[in-house]
Amino acid sequence: MKVVGKVFEPLPGGADAKNGHIGRSLREIRTLAGLTQAQVAERLNIGQSAVTRLENRKDIRVSTLRDYLGAMGAKLRIHAQFEDAAAMINSLREAHYRFEQVDENQLLLPIIGEDRLPPHRDVVFSIKPEYSQKIASGEKTVELRRRFPMSVPAGTTALIYETSPTRALSSIAEIGEVHKRSPLEIWEAFGNRACIARKDYDAYFDGADRAFAIELKRGRPLPRPLGLSELRDRFSFEPPQSFLYATPKMREALLYECAQIPD
C-alpha cells in the first residue's frame, strides 16, 4: 500500500490486493489514516468488536464498504475497467456515459462515486450537407435522431459536423427542448421544421418505436470550417455515426472560434 497525496492506491503486487481480502485492505487504510478501531467504531455508531469482525472479512457489501470509508472521511469510487475496448469507445461517446479513456484500448466507466453526466458538454452532430446547410441558414430548426439523451439541457451548444463530401465542422446552433415520442407523433409535430421528405423520414425510423426531435435555435455558420484533418490533429476527433460529446479541449478551443460569430 502506498499513499499518493490524499489517495490510497493499492500496489498491484500487494499481498492483500493479490488475495482480494477487502477487510485487511481496509485495516491497512485505517492504519495509514491514523485512526484506531475505536475511533472508526464511534463514527459508525457500532461497537469496536464489529469493526474487528469487519476487518477480518474477506468479502464486504458495497454499502458497508461505503459507510466504513465514509467514517474515515473517504469516498468510495468504483469503475469498470475495460482492457480491450477500442470497438466500444465511439458507441460510448454517443451514449450518455461519461468515461475516462486510459489509452486507445482501455477505458474506465464510473459505477459509484461519480456522476455519469458532467454539468455541461457540447454535442457534436454528424449531419449530411443538404441538412447542415439548412441548419446554418436557420431554415431547419429540428434535428431528428433514433436515440438521444433526454438529459441534455436546453441551451447546450450543438456543433455541426458536415459529412462527406465536405467533412468539416461547419456550423453551430443552440439546443432547445428535446422531445421523445412515437415516429408518427414526431412527424406530425415537427416534420415541416425538420426539412426532410416523408419517404426519407420513414426510411430512417423504419423499425423504431421511438423518435427524438431536438429543437435547434440560432443556427449559423462558423467563421471558417474546420476540416477533418485539422480536427484530428488538434482534438483527436473522429466523426460519430450519430453524435458525441465534445472533449473539454475541443470545447475550449472552439469557444475562441465561436466568440467571433455574430449572434
Side-chain angles (χ1 to χ4, degrees), residues 87-98 116-222 225-226 228 231 237-246 250-251 254 258 261-263:
M88 295 178 59
I89 289 176
N90 273 344
S91 296
L92 288 165
R93 282 175 173 161
E94 295 175 11
H96 60 286
Y97 276 91
R98 181 170 71 177
R116 288 179 176 177
L117 279 174
H120 183 90
R121 288 186 294 181
D122 296 340
V123 176
V124 183
F125 288 99
S126 280
I127 298 179
K128 294 179 180 178
E130 61 187 288
Y131 300 122
S132 67
Q133 290 165 14
K134 290 180 179 178
I135 291 174
S137 68
E139 180 181 358
K140 177 178 168 66
T141 57
V142 166
E143 178 58 19
L144 304 166
R145 283 293 182 271
R146 290 174 66 98
R147 61 186 178 89
F148 193 79
M150 296 294 294
S151 54
V152 172
T156 297
T157 298
L159 299 164
I160 311 303
Y161 174 80
E162 195 167 298
T163 59
S164 294
T166 309
R167 301 207 305 170
L169 201 66
S170 60
S171 54
I172 187 173
E174 179 182 310
I175 292 177
E177 289 189 63
V178 179
H179 306 269
K180 177 184 178 182
R181 301 177 191 172
S182 71
L184 178 59
E185 290 172 327
I186 289 293
W187 172 258
E188 292 176 344
F190 303 103
N192 61 329
R193 295 172 57 189
C195 298
I196 184 172
R198 180 61 187 264
K199 64 180 180 59
D200 294 331
Y201 179 90
D202 290 340
Y204 179 66
F205 285 109
D206 183 36
D209 59 356
R210 286 290 181 269
F212 292 83
I214 303 120
E215 294 193 69
L216 300 175
K217 304 175 182 178
R218 301 173 59 225
R220 54 213 190 276
L222 291 172
L226 279 72
L228 181 55
L231 293 170
F237 174 86
E238 289 298 330
Q241 289 186 337
S242 180
F243 70 92
L244 56 72
Y245 292 105
M250 182 178 183
R251 183 171 186 270
L254 289 174
C258 296
I261 306 174
D263 291 336

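For reference, positions follow the sequence shown, starting with 1.
In this structure the side chain of Tyr131 reaches within 4.5 angstrom of the side chain of Ile196, judged on heavy atoms. Between Phe205 and Trp187 there is no side-chain heavy-atom pair separated by less than 4.5 Å. The closest side-chain heavy-atom distance from Ile186 to Leu144 is below 4.5 Å. Within the 4.5 Å cutoff, side-chain heavy atoms of Glu139 are placed close to those of Cys195. Taking the side chain as every heavy atom from C-beta outward, Phe243 and Pro149 approach each other to under 4.5 Å. Side chains of Glu143 and Ile127 form a contact here, defined as non-hydrogen atoms less than 4.5 Å apart.
Closest heavy-atom contact between Met150 and Phe212: SD-CE2, 3.8 Å. Shortest non-hydrogen contact noted between Pro183 and Ala211 is CA-CB, 3.8 Å. In plain terms, the two heavy atoms of Leu169 and Leu222 that are nearest each other are O-CD1, 3.4 Å.
Going from atom NZ of Lys134 over to atom NZ of Lys128 covers 12.5 Å, rounded to the nearest 0.5 Å. Atom OG1 of Thr141 and atom CD1 of Ile214 lie 12.0 Å apart (nearest 0.5 Å). To the nearest 0.5 angstrom, His179 atom NE2 is 15.0 Å from Arg210 atom CZ. Between atom CD of residue Glu238 and atom CG of residue Leu231 there is a gap of 9.5 Å, rounded to the nearest 0.5 Å. Here the straight-line distance linking atom CZ of Phe237 with atom CG of Leu228 works out to 7.0 Å at 0.5 Å rounding. Interatomic distance, OG1 of Thr163 versus CD of Glu130, reported as 8.5 Å (0.5 Å rounding).
Looking only at distances, no side-chain donor or acceptor of Lys217 sits under 3.5 Å from a matching main-chain atom of Gly219. The main-chain N or O of Asp206 is found under 3.5 Å from a side-chain atom of Arg146 such that the two form a donor-acceptor pair. Glu185 contributes a side-chain N or O that, together with a main-chain N or O of Ser182, makes up a donor-acceptor pair within less than 3.5 Å.
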Should Ile175 and Leu216 be marked as a side-chain contact (heavy atoms from CB on, under 4.5 Å) after you check the CA-CA gap, both sets of side-chain angles, and the distance that decides it?
CA-CA 5 Å; Ile175 292 177; Leu216 300 175; 4.1 Å; yes

Could you go through the side-chain contact (heavy atoms from CB on, under 4.5 Å) check for Ile160 and Ile172 one step at a time?
CA-CA 6 Å; Ile160 311 303; Ile172 187 173; over 6 Å; no

Any chance you could lay out the side-chain contact (heavy atoms from CB on, under 4.5 Å) test for Thr157 and Val123, step after step, and finish with the verdict?
CA-CA 6 Å; Thr157 298; Val123 176; over 6 Å; no

Please walk me through it: do Glu215 and Arg193 pass salt bridge (Lys or Arg N to Asp or Glu O under 4.0 Å)?
CA-CA 9 Å; Glu215 294 193 69; Arg193 295 172 57 189; 3.0 Å; yes

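Taking the six-membered ring where the residue is Trp, the centroids of Phe125 and Phe148 are separated by under 6.0 Å.
Using a 3.5 Å distance cut-off with no hydrogens or angles, the side chains of Arg145 and Ser242 do pair a donor with an acceptor.
When each of Ser132, Ser126, Ser171 is checked for a side chain to side chain donor-acceptor pair (under 3.5 Å) with Glu162, only Ser132 meets the rule.
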